Amino acid sequence: EKDLQGGKHKVYGILQGTMSREGDVEDNNKLTLGIESQVQKNLRLGLEGFTSNRGEGGAVNVTYDVNERASFYTKVSNDIDSSSGRQITTTVGTNFKATSKLDIYSEKQFESLRAERSTSDIYGVRYKPSSNHNFELSYGAGQVKKSGSLTNESDITKRDVWTLGYGFDNPRFEYRTKLEFRKEKGNENLEQWVTTNRIKTTQTGAWSWMGQFDYAKTTGTREDETLTDFTEAAIGFAYRPINHDKFNLFGKITYISGLDPEDQFNKSSSDYSRLDEDDYEQRSMVYSLEGVYELSPKLEVAFKGAHRK
């Protein structure tokens, strides 16, 4: 990563390689190159491209500040997912600062997958009554269609999402929590509760610790009731030496059980079949270590290694 023209532009590169694998797990070697640029005072542009053994893709994003209160942004990404294949996502949104404590935003998203296409509209508010507390409330409505289906109502699923979030922070402690309720109506009716939680504490000037706990439960009814769940828990550290602040080290241990909440909904909405036990009864431990070293005020290098079992 390197800053150019006093930080006005930034270029970066990421090289990812698979050190070892077992079974039928596919290699995931990837090279990513990107640039972020402050084109004008009120216009920011980002470009990114990657090539990998799974395919090629990239993203472009633009943010335009209309004035001090209002901004407009858009992003188009073309990515490769190991389970759902190529995924093209287009997002258009606006943010308006109603007062010094209240933000109002709206977003439109179009997503195309191998088995389905979806659209969604999101409306929300962020409220920060003080420097330590912040709240967020949003509602999203959308629909999912099977790829190739135009008018068949049985191939259309309607989706609603309600979200409530809270955050607290001070110089030594940070906490974030979010609760979501998702509902789908189609050939299969699904309801899902999702909670995400993050905590971070700084004990000394050099060390800080983090914790994470995410949980999701999905119920679906057609002829009977099916229950699936997902759990992700993690603990990690960050080490930033006071006397050698050019070096940062991060480590994390993560436990994962079940099928990701988005995949639970996507699988059910795309084929309207029951979730098989093999689809979500997985148990994984992930160990990761990451380091960043600042070679100069304008250039830094980073490494990251991870092992999944």
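Positions are given from 1, in the same order as the sequence printed here. Quick caveat, the model's predicted, so the values are computed rather than measured.
- Checking His133 against Tyr127 by side-chain atom types alone, no donor-acceptor pair falls below 3.5 Å.
- Side-chain atoms of Tyr64 and Asn42, non-hydrogen and from C-beta on, do get closer than 4.5 Å to each other.
- Between Asp103 and Lys97, at least one side-chain nitrogen of the basic residue sits less than 4.0 Å from a carboxylate oxygen of the acidic one, meeting the salt-bridge criterion.
- No donor-acceptor pair closer than 3.5 Å links the side chain of Ser77 to the backbone N or O of Asp79.
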Discussion item. Would Ser120 and Glu111 count as a side chain to side chain contact (heavy atoms under 4.5 Å, CB included) here? Give the steps.
Written reply: CA-CA 9 Å; Ser120 60; Glu111 190 171 71; over 6 Å; no
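- Looking at Arg69, its side chain does come within 3.5 Å of a backbone N or O of Ala98 through a donor-acceptor pair.
- Side-chain contact check for Ile256 versus Phe230: some heavy-atom pair is nearer than 4.5 Å.
- Here the side chains of Phe50 and Gln16 are not in contact, with every heavy-atom distance at 4.5 Å or above.
- Enclosure of atom NZ in Lys178 is not indicated, since only 12 or fewer non-hydrogen atoms of other residues, nucleotides or ligands lie within 6.0 angstrom.
- One N or O on the side chain of Gln38 and one on the backbone of Gln40 form a donor-acceptor pair closer than 3.5 Å.
- Checked by atom type, the side-chain pair Thr157/Glu184 shows no donor-acceptor distance below 3.5 Å.
- The main-chain N or O of Phe213 is found under 3.5 Å from a side-chain atom of Asn197 such that the two form a donor-acceptor pair.
- Using a 4.0 Å cut-off between charged side-chain N and carboxylate O, Arg44 and Asp65 make a salt bridge.
- The pair Lys200-Asp169 fails the salt-bridge criterion, with no side-chain N (NZ, NE, NH1 or NH2) lying under 4.0 Å from an Asp/Glu carboxylate O.
- In this structure, Arg126 forms a cation-pi arrangement with Tyr105, its terminal cationic atom sitting closer than 6.0 Å to the ring centre and no more than 45° off the ring axis.
- Judged purely by distance below 3.5 Å, without hydrogens or angles, the side chains of Ser257 and Thr231 never pair a donor atom with an acceptor atom.
- More than 12 non-hydrogen atoms from other residues, nucleotides or ligands lie less than 6.0 angstrom from NZ of Lys108.
- A side-chain N or O of Arg308 and one of Ser284 form a donor-acceptor pair less than 3.5 Å apart.
- A donor-acceptor pair shorter than 3.5 Å can be found between the side chains of Tyr12 and Glu48.
- At distances below 3.5 Å, not a single donor-acceptor pair connects side-chain atoms of Thr90 with backbone N or O atoms of Val76.
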Item to complete: Decide side chain to side chain contact (heavy atoms under 4.5 Å, CB included) for Phe237 and Trp207; before the verdict, give the C-alpha distance in whole Å, the side-chain angles of both, and the deciding distance to 0.1 Å.
Response: CA-CA 7 Å; Phe237 72 88; Trp207 289 92; 3.5 Å; yes
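- With Arg159 contributing its side chain and Lys185 its backbone, the two residues share no donor-acceptor pair below 3.5 Å.
- For the pair Asp3 (side chain) and Lys10 (backbone), a donor-acceptor distance under 3.5 Å is absent.
- Contact check for Lys252 versus Tyr287: no side-chain heavy atoms found under the 4.5 Å cut-off.
- A heavy-atom distance below 4.5 Å is not found between the side chains of Leu179 and Thr177.
- Put simply, the side chain of Val194 does not reach to within 4.5 Å of the side chain of Tyr215, judged on heavy atoms.
- Taking the side chain as every heavy atom from C-beta outward, Leu137 and Phe135 never approach each other to under 4.5 Å.
- Within 6.0 Å of NZ on Lys2 lie more than 12 heavy atoms contributed by other residues, nucleotides or ligands.
- With Tyr139 as the fixed residue, the side chain to side chain donor-acceptor pair (under 3.5 Å) test singles out one of Asp121, Asp160, Thr163: Asp160.
- When side chains are defined from C-beta on, Met285 does not count as touching Thr254, because their heavy atoms never get closer than 4.5 Å.
- Residues Phe168 and Tyr175 place their aromatic rings such that the two centres sit no closer than 6.0 Å.
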